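Read through the structure below, which is laid out as structure tokens, and then see the notes.
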Amino acid sequence: MSKFKSDKVLPRYFFIAVVLALISIAVIAKAMYIMTVKKDYWEKVAARLVQENDTVSAVRGNILSCDGQLMASSIPQYIVYMDFQPGNNQDTAWARKLDSLWTEKIDSLCEGLHNIFRQRSAEEFKENLLEGRNKMVRNKKTGEMTKGARYWPIWKKRINYNTFLEVKKLPLLNLPPNKGGFSWEEFNTRRHPFGSLALRTIGDIGSEKTRNARGRIITKDSARYGLELACDTLLRGTPGIIHRQKVLNKRLGLVVAPPENGADIVTTIDVNMQDLVERAVIDELKKINGDMGVAILMEVKTGDVKAIANIERATDLQGNTHYMELYNRAVSYRCEPGSVFKVASFLVALDDGVVDTSYVIHTGGGQMMMHGRNMKDHNWRKGGYGDMNVAHALEVSSNIGVSYVIDRFYGQHPEKYVKGLYRVGIHEDLKLPIKGYLPPYIRMPDTKTTDRAKYWSKTTLPWMSIGYETQIAPINTVAFYNAIANNGKMMQPRFIKKVVKDGKTIQEFPPVVLKERIAKPQTIKTMQTILTHVVSQGLGRKAGSPSFAVAGKTGTAQIADADGSYHSGTTRYWLSFAGYFPADNPRYTCIVCLKKSGLPASGGGMSGVVFHHISEGVMAQNLKLRVEDACDSTSIMTPEVKNGNILAADYILRHLNIRSNGGWDDSDITRNPVWGKAVTEKHHVTISRTEPKAGVIPDVIGMGARDAVYLMEKSGVTVKLNGRGKVKSQSLAAGKAVKPGMKCELLLVNH
């Protein structure tokens, strides 16, 4: 083993240690230098390498009518901004150049903006932009005040895509965003091709201000009401994610997750029926100076809501009165329904078997004391109706007739009557998808409660039986009447038929049966007959039609004001008519409710008239006639056939199933097409053949231009045409020998 030579090794170790120490000192010194002296420089470099994720909005799905017409769709709109510190002004050379460009181009930019947005002058645009350019803002990172607003609105309102493209072409705004500073915010806006048609049911989206991850205030669209809100998760889709990385002065984008667009909703609304219903309601409201009108049209077998109108009177800032849709009163306006409720009361009594239609009611002179309170019929001043049976009581809408029966047979056990109402479906919770729906409020007997609104007195039952002391929205009433029209089967009102995406159905909403039977079949048949008589010979005559049978019931009720008072000065009325048509084969159920103040007020004479217009309009739209019905027995359905190509004429006649007699078979025609005259007879066409002679001018009178020219030129004659239609005359006589260079002029006229 060699001996360790310390005099040589130790100096080497010492040298290495000194070198490493010096390197360490140098690294630490460099780090301190970067952290202090070069701090600002490297912070700017770091700011140029930014990674961030942005969301990409999905396209909201469309809302379609039952036949596929567009009722709500999304279109792109933009809000345009100006960033007066593009790229944080890191490129000082470009910042100086941009200053000179602004000085040179500002006037032409503002003039271009004025040409696009005529509401503001070029001077106003220039003043606005200079204000944003000179505004001092605080840098959130450094706390320093810098010159130039970051997101200064060029035009505060949203603009469409075409306008956006025009703005992008203007001077300075056509530069890249990180150079010129032009930026924008894109979002989807709902467009309704049919305007306000069924707007409260279709729904709409609103805007709300939020901040994104970078602290920028953005406008976010969200569903507000109607089917837009009910089907929001289906319509809005799923936003995508895009990864943006800023490298030097360029921003690179990489799609991490693409957006998934929303699905389309196919509703049950029929555009033509909706327009018809809204017009009928508005016309009557204008006529009677009404406050509000509601109408619902429902398909009997499926429960499909084909039309739903919610019209109210509104006053604009100028004091002008308009009728428009403000709230979905059809599903949310619970009030005392009035006499249309009498059908439910008698349906309970008939189904329980306590009375039948022959049961006689003694109504006297039109007034009767009910537990200390006077019950009146509408004609009490004329002496009332006297004695009548149950059926006639509904036909004339006798308050005494209905309340007397219910009070006599259910007075000792009113809960049995209320349970009967629950049983026949007038109290059914329809579980509608539309927000704001209020289920009926029909209370059970309770004499111990301290709540006055819930307290059950002896007069509650008779007044409840005629439509007071209950709260029911129109949608529940029409569903109840629809069950009667549907032979006792209660259907849930349906607003959505299916969900479609990329042309494929991804979800269906079949009709839903809420109750298989609301009453015994015989009870339903009896009530159907009574409701038909109400229109044919009772108070509902104005709702009827001479073309088809109508069944239904009128209703006129006083309603309380906002304070719950019925006698606060002006009496308010809730006028209604509920029924279905045609009565012998029900297809549609409809309810019309009108709210007005003061007299005159008549459910049959006002709401019934609207029902009449709706029913006749709907039936007219569904009317289909055969073309044969327009012909009498002596009509001859044979076409007029021009002289000319018999092959072509025979082809057309055979496809029209009109027999032709030309004296040939198909194979002969194919080989040797001939030309001749056609003679029309009563039920078939006879075509006689005449072979054209060679070298002889043919007879083309009566032919069309195509066949006439063909024959003449085939014979060696040049043709000149004057006019249109069939040949009336020819300048060269038929049968004359053809000579070289001959020219024939044909006069054509329309017969």
Side-chain angles (χ1 to χ4, degrees), residues 67-69 271-272 503 547 619-751:
D67 56 353
Q69 297 190 67
V271 172
N272 295 326
S547 304
M619 293 302 290
Q621 290 180 2
N622 287 271
L623 189 63
K624 295 181 180 180
L625 298 177
R626 298 179 304 167
V627 67
E628 292 85 353
D629 296 336
C631 306
D632 56 33
S633 58
T634 61
S635 297
I636 302 174
M637 299 296 292
T638 54
E640 181 182 4
V641 182
K642 295 179 180 180
N643 292 340
N645 192 332
I646 296 178
L647 175 62
D650 183 68
Y651 175 82
I652 297 297
L653 293 173
R654 282 189 284 118
H655 279 73
L656 291 174
N657 293 322
I658 299 176
R659 183 166 56 90
S660 62
N661 181 13
W664 61 79
D665 59 22
D666 291 343
S667 60
D668 183 43
I669 296 174
T670 303
R671 291 192 306 272
N672 298 305
V674 295
W675 303 80
K677 295 183 178 181
V679 182
T680 58
E681 294 185 357
K682 186 174 182 180
H683 292 293
H684 68 277
V685 178
T686 301
I687 306 176
S688 58
R689 291 191 296 178
T690 56
E691 292 282 355
K693 297 180 180 179
V696 176
I697 296 176
D699 181 6
V700 297
I701 295 177
M703 292 186 182
R706 178 180 177 182
D707 294 335
V709 171
Y710 178 84
L711 272 183
M712 283 291 185
E713 291 184 349
K714 187 177 181 181
S715 301
V717 179
T718 304
V719 179
K720 180 182 179 182
L721 297 176
N722 290 319
R724 294 181 178 180
K726 296 180 182 180
V727 178
K728 182 180 181 181
S729 63
Q730 57 187 79
S731 60
L732 299 179
K736 187 177 180 179
V738 176
K739 296 181 180 179
M742 293 186 73
K743 186 175 182 180
C744 183
E745 185 173 344
L746 303 180
L747 176 63
L748 287 77
V749 295
N750 283 318
H751 293 286

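Positions are given from 1 along the sequence. Computed from a predicted structure; not experimentally measured.
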For residues 731-748, run the donor-acceptor check on the side chains, cut-off 3.5 Å, and write out each pair with its distance to 0.1 Å, sequence neighbours left out.
{"from": "S731", "atom 1": "OG", "to": "E745", "atom 2": "N", "distance (Å)": "2.7"}
{"from": "E745", "atom 1": "OE2", "to": "N722", "atom 2": "ND2", "distance (Å)": "2.3"}

Task: Expected output: side-chain Q69 to main-chain V271 donor-acceptor under 3.5 Å - done: no

Open item on the list: By the definition side chain to side chain contact (heavy atoms under 4.5 Å, CB included), identify the one residue from V727, D707, V709 that meets it with V700.
Closed with: V727

- [ ] Please tell me if the side chains of I697 and M712 come closer than 4.5 Å, counting only heavy atoms from C-beta onward.
- [x] yes

